[in-house]
Amino acid sequence: AKGEMIPFPDESFDFINCTEVLEHTDSPVTVLKECHRVLKKKGCMFITVHNKSSVKDGHFPGIWFTKWMPKFLAEKYITLSKKPQ
């Protein structure tokens with residue numbers, strides 16, 4: 001299911017693990033609101049996101065500095081940097 005519409009009733013979970021997910025969603029704020037909705041009152045949530053300042057990107061090993069570029073330029077750089085198989 002999409003994080004923007006979690007298919008569970010309110011207060012369903014004691015714990016939510018949201019590791020390296022928010023940067024891949026259409027609306028991170030909506031995802032967090034949904035997580036809050038399904039989390040029990042005394043529940044806990046663990047959240048991590050990529051370090052935007054890092055020179056390395058875990059999604060593209062060996063390709064550096066993509067996070068520092070405008071998206072259109074990073075996409076071209078990634079395409080050109082991929083080795084033929």
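- Atoms NZ and OG, on Lys40 and Ser12 in that order, are 8.0 Å from each other to the nearest 0.5 Å.
- Here Thr30 pairs with Ser27 under the side chain to side chain donor-acceptor pair (under 3.5 Å) rule; sequence neighbours left out.
- With sequence neighbours excluded, the residues satisfying ring pair (Phe, Tyr, Trp, His ring centres under 6.0 Å) with Trp68 are Phe65.
- Summarising the geometry of Glu4 relative to Thr25, their closest heavy-atom pair is OE2-CB, 3.5 Å, with the distance given to 0.1 Å.
- In this structure, Gly3 and Glu34 approach most closely via the heavy-atom pair O-CB, 3.4 Å.
- Every pair passing ring pair (Phe, Tyr, Trp, His ring centres under 6.0 Å) that includes a residue from residues 18-43 is listed here, sequence neighbours excluded: His24-His59.
- Taking a 4.5 Å side-chain heavy-atom cut-off between Ile, Leu, Val, Met, Phe, Trp and Tyr, the cluster of Phe15 extends to Phe46.
- Considering every non-hydrogen atom in both Ala74 and Thr66, the closest pair reads CB-O, 3.6 Å.
- With values rounded to the nearest 0.5 angstrom, Asn17 atom CG is found 12.0 Å from Cys44 atom SG.
- In terms of heavy atoms, Met69 sits closest to Tyr77 at CE-CD2, 3.4 Å.
- Side-chain contact between Leu22 and Val31: present, with at least one pair of heavy atoms (C-beta onward) separated by less than 4.5 Å.
- Hydrophobic clustering, with ILVMFWY side chains joined whenever heavy atoms are under 4.5 angstrom apart, keeps Leu32 apart from Val21.
- The salt bridge (Lys or Arg N to Asp or Glu O under 4.0 Å) contacts involving residues 16-29 comprise Lys2-Asp26, where partners must be two or more places apart or lie in separate chains.
- Here Phe13 pairs with Phe8 under the ring pair (Phe, Tyr, Trp, His ring centres under 6.0 Å) rule; sequence neighbours left out.
- Between the side chain of Arg37 and the main chain of Ile6, a donor-acceptor pair closer than 3.5 Å is present.
- Across all non-hydrogen atoms, the minimal contact from Ile63 to Ser81 is CD1-CB, 3.7 Å.
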